[in-house]
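Below you'll find the structure, written out as structure tokens, and then a few comments.
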Amino acid sequence: MKNILEQAQKIHGEIVSWRRYFHENAETHLDLPKTTAFVMSKLREFGYEPVEICKSGVLAMAGGKKPGKTFLIRGDMDALPIEEETDLPFKSKTGNMHACGHDFHTAMLLGAAKILKDNEDYVEGTVKLMFQPAEETLAGAKAMVAAGILENPKVDAAMMIHIFSGMPLPDRAVAFSGPGAVSATSDWFKINIKGKGGHGAMPHATIDPLNVAAHIHIALQEINAREIDPERAVVVTVGEMHGGSTGNIIPDTAFLQGTIRTFNDEVREFIKKRLVEISEGIGKTFRCEVTVDLFNSCPSVINDEELSKSIPAYTMELLGKERVLDLYSMTGKTQRMSGSEDFAFVSVEVPSLFLGISASVKVDGITYPQHHPKVVFDESILATGAAVYANSAIHWLKNH
Ligand SMILES: [Zn+2]
Ligand SMILES: [Zn+2]
């Protein structure tokens, strides 16, 4: 087999052009008609028979000529509903923006597809390529798992890559977090408060929902401050508060929306329970009707112990020690992030691994974080990403 990194570098220009197409035509959620059409046509061009197993979810398989296990590599394809504010020549023209870098993941996975096809005789088993929609809305991985991506043949191990901007990592580093939970659980909540509106000068004749909204907002912060072990990392954020229209009217209703993040299932269930009790309790105290809805739930991505050892080793062989950051070996503990990642729905089913590649670029002296309308990513890592995907699959299958 030829050197995989060299093969990836040879197609770097192509990967860049694919990435720019995805960037310019950014699409969101489960509606990725242009993106999936492009992905499927490229896959067919490489010799695959891709299948859309659920809305905008594409599966392609490489290998299968030699017996062996099945390794899944995943790239997400959706953008965010953000108006782009960069000066890139291929700036998005759709009103959506690839501000999380999923255009990179799609292009890198396509690059890996090409490399795997060219080396199919060396694949000892099967590689499943998972082109996933709707990561940002936490719906895509779940839909593809429900559509059977982990069966026929059964997946033995799975891996994903996320690129990063604005993280404290050296440029172009490939970073491994260690075993265990690496992303936060996510639960969104909506709190609807129903009072009784009226004249602002006669509050006694009303039931004020804004007063209740304010009390709930403050009280929810006490869950973290007073009821959770300080050893546990927890976030309870209210990101949206609405109610009222002018200064002398007490409105009928008010609304709060927010999200809960943690790394532990027991803590997660406790917070959800207390959030409902506190909100309803304050409603009762001040005579409002309060209803709480929990939705958009996602568990943590759990990194498998064996993959946390084997994949960094294969990657060091591929790229050299300097490019690889094994954060677990360096710090003695697993490095977690408070963001959530819906690859979690794969990781609860099969041994999985999340790895990151640093792709920060400074714009006028500033490195913007992911999800920012001005974020720009470093295209020079595209060949690295494609090579890491293909190399991990080939070597894991060879050794297991
Ligand atoms: Zn994101
Ligand atoms: Zn993302």
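Just so you know, ligand 1 is whichever comes first in the structure, and atom 1 is the first atom listed for that ligand.
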Sequence neighbours excluded, every pair satisfying side-chain hydrogen bond (donor to acceptor under 3.5 Å, both in side chains) that has a member inside residues 44-58: Asp31-Lys55, Lys42-Glu45
Hydrophobic cluster identity match, Met337 and Leu353, side-chain contacts under 4.5 Å: no
Under 3.5 Å donor-acceptor, Lys66 side chain and Tyr122 backbone: no
Pairs involving residues 323-335, ordered by first then second residue, that meet side-chain hydrogen bond (donor to acceptor under 3.5 Å, both in side chains) (sequence neighbours left out): Arg323-Thr384, Asp326-Ser329, Thr331-Gln335
Donor-acceptor contacts, no H, no angles, side chain residues 280-302, under 3.5 Å, sequence neighbours left out:
{"from": "Thr285", "atom 1": "OG1", "to": "Gly281", "atom 2": "O", "distance (Å)": "2.8"}
{"from": "Ser297", "atom 1": "OG", "to": "Asp187", "atom 2": "OD1", "distance (Å)": "2.7"}
{"from": "Ser300", "atom 1": "OG", "to": "Ser183", "atom 2": "O", "distance (Å)": "2.8"}

Greater than 12 external heavy atoms within 6.0 Å of Asp87's CG: no
Metal environment of the Zn ion (ligand 2), protein N/O/S under 2.8 Å: Cys100 SG, His102 NE2, His162 NE2
